[in-house]
Amino acid sequence: MKALVYTDHETLIYRDENDAKPKDGEELIKVNASGICGSDMHAYHGLDNRRIPPLILGHEISGINQKDNSSVVINPLITCMKCQDCQDGREHICSNRGMLGMTKPVARAGGFAEFVTAPSKNIFSVPSSANLQNLSLTEPTAVAFHTVKIAEQISFKNINEAKILIIGGGAIGLLVALVLKAKNAEKITIVDTNIKRLNVCKTASSYEVAHPNDDSIKDNNYDIVFDAVGFEATRKKSIQCVRQGGAILHIGLSQPFGAFDFRKATLQEITFIGTYCYTNEDFKQSLDMLITKELGDLTWLDYRPLKDGATAFREIHDGTTSSPKIILIP
């Protein structure tokens, strides 16, 4: 089969690979579409020790189950379902969790290929009438959905009344905005340094957009801040902009360390929560939202041939693409 293989630092090669072969309890899926995630970019930059080359990346996958020719979406998060967290319905923080397109804790090829295998329990059938390419967006939508759910639980203000700042106009930031829009939230601003991407976010969400250094972005002004980037600079912006008693939802994984104003966080009772992944129920609800088109028409998605994947990665690296999400098509 043909696949886009991560072979070295900032190097991807489209080449022949051994055919994917399902093991017991797995299914063979012909890939219809697979999105490029920020974590794929971390691997590309050599910053993810869970993804060691050579490796087929990609975990945002829709396709056709070769067992019965049904349309499916894959939940790439593989958990043990035996530990205490899994038993408590918090499988997304399973200490044994793995994922398609990763080498640790178990090496599993991802979806940047013509075929991929996945456990049967991770495969969700969808109506044949659904836009299967768009449904490859389910996994990042689940990340956004889970984050918004946490914000609803911890915010001192109702999500529809809260003043909200979203830092980052990539796929997760925009999807957070679209999930909030589906929940009728109104007072939302998205900031990003990429003006072309901001224009896409404004069109897709109808929310206010701005450069993070714009005078309209005030300190101590927001009830909830979503940091969908995760740099030291964006964490600094988050703590500056959140108001007393507010909440910061930290989703980004770009930079693991850095200074943070813990004095303000303590004196003003700021809630800071890191959030990663989603539960199985979050995934199902996100899939339903996409099938019923609750997040809009998704015309902001950018589809590219898998064979041109290396160029797509380079454009994301260079910041020359305006699209928050590039999806590769075998």
Side-chain angles (χ1 to χ4, degrees), residues 3-6 10 12 31-53 55-63 73-78 92 97-104 108-113 116 118 122 133-147 168-176 178-179 192 194 197 226-231 250-256 274-278 282-283 286-287 290 298 300-304 306 309-317 319 321 323-330:
L4 184 70
V5 184
Y6 164 51
E10 296 183 11
L12 293 158
V31 177
N32 179 274
S34 188
I36 300 176
C37 176
S39 61
D40 295 317
M41 294 304 301
H42 296 157
Y44 178 73
H45 293 134
L47 300 176
D48 191 340
N49 62 9
R50 302 170 302 168
R51 293 174 168 90
I52 307 300
L55 177 66
I56 301 173
L57 298 168
H59 57 268
E60 303 173 1
I61 309 164
S62 63
V73 171
I74 300 174
N75 178 353
L77 187 64
I78 300 170
H92 63 297
R97 70 188 178 195
M99 183 172 277
L100 300 183
M102 285 177 56
T103 50
K104 296 179 181 180
R108 295 179 183 271
F112 294 153
V116 67
N122 287 64
Q133 291 185 349
N134 283 1
L135 293 187
S136 64
L137 197 65
T138 304
E139 196 273 347
T141 301
V143 172
F145 181 90
H146 181 76
T147 302
I172 297 299
L174 177 53
L175 285 167
V176 166
L178 295 178
V179 171
D192 198 292
N194 185 326
R197 183 180 285 175
F226 294 91
D227 181 354
V229 181
F231 278 118
H250 189 266
I251 325 165
L253 287 169
S254 298
Q255 193 174 10
T275 172
Y276 176 77
C277 289
Y278 43 83
D282 295 331
F283 192 90
S286 299
L287 179 56
L290 288 168
L298 305 182
W300 50 272
L301 296 173
D302 183 359
Y303 292 101
R304 307 281 186 90
L306 180 64
T311 300
F313 268 76
R314 176 52 59 179
E315 288 183 20
I316 296 171
H317 170 81
T321 178
S323 176
K325 174 65 68 177
I326 295 178
I327 295 175
L328 301 179
I329 308 297

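Residues: numbered from 1 along the sequence shown. Heavy atoms only: backbone and side chains are in, while hydrogens, waters and symmetry mates are out.
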Sub-4.5 Å side-chain heavy-atom contact between [X] and [Y]:
X      : Y      : value
Asn134 : Leu301 : yes
Leu287 : Phe145 : no
Arg51  : Leu57  : yes
Glu139 : Ser286 : no
Phe283 : Val73  : yes
Arg304 : Thr321 : yes

Side-chain donor-acceptor pair present, Asn75, Tyr278, cut-off under 3.5 Å: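 The answer is yes; a qualifying pair exists.
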Give me the atom names and distance for the closest heavy-atom approach of [X] to [Y].
X      : Y      : answer
Ala144 : Val176 : CB-N, 3.6 Å
Ala228 : Gly168 : CB-O, 4.5 Å
Tyr276 : Arg50  : OH-NH1, 3.4 Å
Ile36  : Lys325 : O-NZ, 2.8 Å
Phe112 : Ile56  : O-CG2, 3.5 Å
Val31  : Pro330 : O-CG, 3.5 Å

Asn122/Ile78 under side-chain contact (heavy atoms from CB on, under 4.5 Å): CA gap, chis, key distance, verdict: CA-CA 7 Å; Asn122 287 64; Ile78 300 170; 3.9 Å; yes
Residue from Val143, Thr147, Val229 passing side chain to side chain contact (heavy atoms under 4.5 Å, CB included) with Ile172: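 That would be Val143; it is the only one of Val143, Thr147, Val229 passing the side chain to side chain contact (heavy atoms under 4.5 Å, CB included) with Ile172.
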Atom [atom1] of [X] and atom [atom2] of [Y]: how far apart are they, to the nearest 0.5 Å?
X      : Y      : atom1 : atom2 : answer
Ile329 : Ser136 : CD1   : OG    : 6.5 Å
Leu328 : Glu60  : CG    : CD    : 10.0 Å
Ser34  : Leu100 : OG    : CG    : 9.0 Å
Leu178 : Thr141 : CG    : OG1   : 8.5 Å
Leu77  : Met102 : CG    : CE    : 9.0 Å
Ser39  : Met99  : OG    : CE    : 7.0 Å

Derivation of the side-chain contact (heavy atoms from CB on, under 4.5 Å) call for His146 and Thr275: CA-CA 8 Å; His146 181 76; Thr275 172; 3.3 Å; yes
Parallel, tilted or perpendicular: rings of His317 and His45 (30°, 60°):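 Judged by the thresholds at 30° and 60°, the geometry between His45 and His317 is tilted.
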Stepwise side-chain contact (heavy atoms from CB on, under 4.5 Å) test for Tyr44 and Ile316: CA-CA 11 Å; Tyr44 178 73; Ile316 296 171; over 6 Å; no
